[in-house]
There are 2 protein chains.
Amino acid sequence: MSLTHTGVTTTPADLDPCGRADHPDCGIRDVLDRIGDKWSVLVIVELASGPRRFRELQRAVDGISQRMLTLTVRRLERDGLVLRTVYPTVPAQVDYRLTTTGAGLTHLVKALADWSLAHRPVIAEARRAYDRTHPDHDIR
Amino acid sequence: MSLTHTGVTTTPADLDPCGRADHPDCGIRDVLDRIGDKWSVLVIVELASGPRRFRELQRAVDGISQRMLTLTVRRLERDGLVLRTVYPTVPAQVDYRLTTTGAGLTHLVKALADWSLAHRPVIAEARRAYDRTHPDHDIR
DNA sequence: CAGTATCCGAGTTGATACTG
DNA sequence: CAGTATCAACTCGGATACTG
């Protein structure tokens, strides 16, 4: 479902996720779907430090299950952000590394991380203020 | 603190919703959770063009349900990214606009959008190539 | 080691109906 | 207009077990 689902009240099969000129999200959805999920960013960040094997990644990304790591790296691979290399040894050995495209994305992720870090106090305070003024409201 | 944790990244003092020191995502998660979901970015982008009323937003963000729009703007408000103003008219009138913090975030979102747009062809091609070479694989 | 295959519960979303 | 309330459908992620 990650390919072209933006809002979609439009047609089922739309090869043009973009559709309208007044729809400013064209294309961004693709990337957002990828980096927006729980694990991708963590994997990307880890790979930014260099190639990693499957188990290394799993150990580095604390809490990720085998299943989720597999799915995550597969999707990143499919999008051309990560390169997966299998060495026909026994036991199997596979390494993952960022592609040029993927490395480019890390800059943005880094920028986002910096912004997040810089604004964490502000956001935290905003939340406290909100929760204080809206005691019974459950936004999550 | 940096995102990159080569081998060992001990985050010294961490006040955190984060839990553990070996978790390099501290803080970025907050923001990612917000902009990573299906609708927030679309709403932010729309608001980047100026204040909007509830219905205007709903019309602009194609496909969003009333419920989801409410939840989305509430969360953005709670995080201090969006300011919600209620005018006690009849019928009710409410407008939403980005806060200074929110506006700052739009720059990053913009950067992400630009990157996405620029790399869309590459990613699309990577996907086609992957799907061609892995015909039976369902990554979704 | 590096996966794949299943099952299942929790959380999220969307449709629908109703209100100040 | 700008919501709130409710509920069913669906998705996602984790746990577990098995394989080349």
Side-chain angles (χ1 to χ4, degrees), chain A residues 1-3 5-10 12 29 32-34 36-43 46-47 51-78 82-97 134 136-140, chain B residues 25 29 32-40 42-43 46-47 51-78 82-97 134-140:
Chain A
M1 63 160 178
S2 71
L3 273 174
H5 71 150
T6 323
V8 199
T9 352
T10 51
R29 207 51 284 149
L32 244 24
D33 282 348
R34 197 59 37 245
D37 72 76
K38 198 175 175 184
W39 305 111
S40 294
V41 171
L42 303 183
V43 169
E46 179 61 24
L47 290 179
R52 293 286 187 276
R53 297 177 54 176
F54 190 86
R55 295 293 303 178
E56 289 179 321
L57 273 177
Q58 193 173 7
R59 275 187 291 270
V61 180
D62 188 66
I64 194 169
S65 67
Q66 198 166 29
R67 173 181 142 76
M68 278 303 102
L69 180 55
T70 300
L71 284 175
T72 302
V73 292
R74 282 294 189 288
R75 299 201 260 241
L76 291 173
E77 184 195 6
R78 184 169 105 100
V82 158
L83 179 66
R84 176 171 174 271
T85 313
V86 182
Y87 300 98
T89 58
V90 175
Q93 181 172 335
V94 178
D95 82 34
Y96 296 90
R97 68 187 65 212
H134 304 70
D136 53 345
H137 215 301
D138 172 39
I139 301 295
R140 186 172 24 147
Chain B
D25 70 321
R29 219 28 308 141
L32 244 25
D33 282 348
R34 195 60 37 247
I35 72 166
D37 70 75
K38 197 176 176 184
W39 305 112
S40 295
L42 303 183
V43 170
E46 180 60 24
L47 290 180
R52 293 286 186 274
R53 297 177 54 176
F54 190 86
R55 296 292 304 178
E56 290 179 322
L57 274 177
Q58 193 173 6
R59 276 186 291 269
V61 179
D62 189 65
I64 195 170
S65 67
Q66 199 166 29
R67 176 181 140 75
M68 278 303 104
L69 180 53
T70 300
L71 284 175
T72 302
V73 293
R74 281 296 188 289
R75 299 200 261 241
L76 291 173
E77 185 196 5
R78 185 168 105 102
V82 158
L83 180 65
R84 176 171 174 271
T85 313
V86 182
Y87 300 98
T89 59
V90 174
Q93 181 172 335
V94 178
D95 83 33
Y96 296 90
R97 68 187 64 211
H134 304 70
D136 53 345
H137 215 301
D138 173 40
I139 302 296
R140 184 174 351 166

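Naming convention: chains lettered A, B, ... in sequence-line order (proteins, then strands); numbering from 1 in each chain. Just so we're clear, the structure is a prediction, and the values are computed from it rather than from any experiment.
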Quiz prompt | Structure string for DNA chain C in dot-bracket form, Watson-Crick and G-U at under 3.5 Å, | interchain | solution = ||||||||||||||||||||
Practice problem: Can you see which heavy atom on B/Ile35 is nearest to which on B/Ser40, and at what distance? | Solution: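 In this case the closest contact between B/Ile35 and B/Ser40 is CA-CB, 4.3 Å.
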Self-check item: Smallest separation among heavy atoms of A/Asp62 and A/Trp39, with atom names
Solution: O-CZ3, 3.8 Å
Quiz item: Of all residues at least two apart in sequence or in a different chain, which pass the side-chain hydrogen bond (donor to acceptor under 3.5 Å, both in side chains) check with B/Thr72?
Solution: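 Testing B/Thr72 for side-chain hydrogen bond (donor to acceptor under 3.5 Å, both in side chains), a comparison that skips the adjacent residues, returns none.
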Tell me, please, which residues at least two apart from [X] pass side-chain contact (heavy atoms from CB on, under 4.5 Å).
X	result
A/Arg84	A/Arg74, A/Glu77, A/Val86, A/Val94, A/Tyr96
B/Val90	none
B/Arg52	B/Glu46, B/Leu47, B/Ser49, B/Glu56, B/Leu57

Below 4.0 angstrom from OP1 or OP2 of [N], is there any side-chain N or O of [X]?
X	N	answer
A/Arg53	C/dG3	no
B/Arg74	D/dG3	yes
B/Trp39	C/dT12	no
B/Tyr96	D/dC1	no

Quiz item: Got a sec, which residues hit salt bridge (charged side-chain N to carboxylate O under 4.0 Å, His left out) with A/Arg55, two or more places apart in sequence or on another chain?
Solution: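 Listed in chain order: nothing, the list is empty.
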Quiz item: Among all residues two or more places apart in sequence or in another chain, which pass the salt bridge (charged side-chain N to carboxylate O under 4.0 Å, His left out) test with B/Arg97?
Solution: B/Asp95
Separation of [N] [atom2] from [X] [atom1] (nearest whole Å):
X	N	atom1	atom2	value
A/Asp37	C/dG11	CG	P	19 Å
A/Gln58	C/dC1	CD	P	9 Å
B/Lys38	C/dT13	NZ	P	8 Å
A/Asp136	D/dA5	CG	C1'	14 Å
A/Arg55	C/dG3	CZ	P	11 Å
A/Met68	C/dG3	CE	C1'	14 Å
A/Leu71	D/dG13	CG	C1'	9 Å
A/Glu56	C/dA2	CD	C1'	13 Å

Self-check item: Options D/dA2, C/dT4, C/dC1, nucleotide nearest the side-chain atoms of A/Arg59
Solution: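 So the side chain of A/Arg59 is nearest to C/dC1.
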Practice problem: Could you tell me the separation between the CZ atom of B/Arg53 and the CD atom of B/Gln93, rounded to the nearest 0.5 Å? | Solution: 3.5 Å
Self-check item: Under 4.0 Å protein heavy-atom contacts per nucleotide of nucleotides 15-20 of chain D, with B for base, S for backbone only and - for none
Solution: B-B---
